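The first residue in the sequence is number 1, and the count goes up from there. Since we're looking at a predicted model, the values are computed, not measured.
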Amino acid sequence: MNELPRSSKYRSSPDEQVSAQEREQLTRRLNEAFTAGKLTQDDYSARLDELYAAQRLGDLVPVVESLPAVQSYSEPAMVQQTGAQQPGELSVASSNGSRMTVALVGGIAAIVIILVILLLVLL
């Protein structure tokens with residue numbers, strides 16, 4: 001069974017020529033999969049042979065169909081990890097911002113209380 005989606009260039013454009021850049025990218029992906037232990041030595045060698053013998057993108061289907069998918073998007077800056085914490089872990093609150101907030105709220109509360117007292121005295 002073919003695991004590649006129909007939108008994959010290997011299935012949607014099977015007659016297109018294999019470029020040198022395509023061979024380099026797939027060689028890199030095969031090397032990473034082999035290094036990560038996802039391919040045996042025999043499977044790795046066989047796929048490299050198929051890769052360099054391929055003339056058309058459709059010939060590369062057996063080479064790429066069980067490789068890990070390539071991330072084709074980037075994470076929005078809003079969700080990128082910036083600190084050392086793992087997702088879900090809380091970070092230490094900044095003390096400068098919280099002190100300033102308390103001082104600001106306290107100052108506004110004091111002004112409101114003084115205005116209320118002045119209004120009550122004048123009435």
Side-chain angles (χ1 to χ4, degrees):
M1 181 178 164
N2 196 337
E3 297 177 20
L4 295 176
R6 290 178 192 224
S7 61
S8 166
K9 63 183 169 185
Y10 306 104
R11 290 193 62 201
S12 64
S13 306
D15 295 326
E16 191 175 313
Q17 291 284 331
V18 178
S19 67
Q21 181 182 6
E22 185 69 32
R23 287 187 206 281
E24 289 173 21
Q25 289 175 349
L26 286 176
T27 300
R28 213 172 304 118
R29 286 180 63 194
L30 284 169
N31 289 341
E32 290 169 4
F34 179 67
T35 303
K38 297 180 180 179
L39 296 174
T40 64
Q41 175 68 45
D42 292 338
D43 194 26
Y44 173 72
S45 297
R47 287 183 190 215
L48 277 177
D49 290 342
E50 288 179 40
L51 170 61
Y52 285 97
Q55 298 297 312
R56 311 253 182 243
L57 288 179
D59 300 334
L60 294 174
V61 170
V63 176
V64 297
E65 66 184 347
S66 61
L67 285 176
V70 175
Q71 180 176 331
S72 60
Y73 60 90
S74 61
E75 289 184 22
M78 179 178 202
V79 295
Q80 287 180 347
Q81 293 295 320
T82 56
Q85 287 83 14
Q86 294 294 319
E89 289 182 359
L90 299 176
S91 62
V92 178
S94 170
S95 61
N96 292 341
S98 61
R99 286 183 187 155
M100 187 120 164
T101 303
V102 169
L104 182 65
V105 170
I108 292 173
I111 291 171
V112 169
I113 291 172
I114 291 171
L115 289 174
V116 168
I117 293 173
L118 286 175
L119 284 174
L120 290 176
V121 169
L122 294 174
L123 295 175

A.B. asks: Might you point out which heavy atoms bring Asp59 and Ala54 nearest each other, and give the distance in Å?
C.D. replies: CB-CB, 3.6 Å
A.B. asks: Out of curiosity, Thr27 OG1 to Arg29 CZ, how far, rounded to the nearest 0.5 Å?
C.D. replies: 11.0 Å
A.B. asks: For Arg6 and Arg11, indicate whether the former's side chain and the latter's backbone hold a donor-acceptor pair under 3.5 Å.
C.D. replies: no
A.B. asks: Carefully, step by step, assess Arg23 and Leu51 under the rule side-chain contact (heavy atoms from CB on, under 4.5 Å).
C.D. replies: CA-CA 7 Å; Arg23 287 187 206 281; Leu51 170 61; 4.2 Å; yes
A.B. asks: Following the transitive rule for hydrophobic clusters with a side-chain heavy-atom cut-off under 4.5 Å over Ile, Leu, Val, Met, Phe, Trp and Tyr, establish whether Ile111 and Leu119 coincide in one cluster.
C.D. replies: no
A.B. asks: Taking side chain to side chain donor-acceptor pair (under 3.5 Å) as the cut-off, I'd like each qualifying pair that reaches into residues 12-21, sequence neighbours left out, listed once.
C.D. replies: none
A.B. asks: Going by the side-chain hydrogen bond (donor to acceptor under 3.5 Å, both in side chains) test, name the single residue among Arg56, Glu22, Glu65 that passes it with Tyr10.
C.D. replies: Glu22
A.B. asks: Applying the side-chain contact (heavy atoms from CB on, under 4.5 Å) criterion to Ile117, which one of Val121, Leu115, Leu120 satisfies it?
C.D. replies: Val121
A.B. asks: Only pairs at least two apart or in different chains count here, so list each ring pair (Phe, Tyr, Trp, His ring centres under 6.0 Å) that has a residue in residues 12-37.
C.D. replies: Phe34-Tyr44
A.B. asks: Please round to the nearest 0.5 Å and tell me the distance separating atom CZ of Arg47 and atom OG1 of Thr40.
C.D. replies: 9.0 Å
A.B. asks: Say you draw a straight line from CG of Leu30 to CG of Asp43; how long is it, rounded to the nearest 0.5 Å?
C.D. replies: 8.5 Å
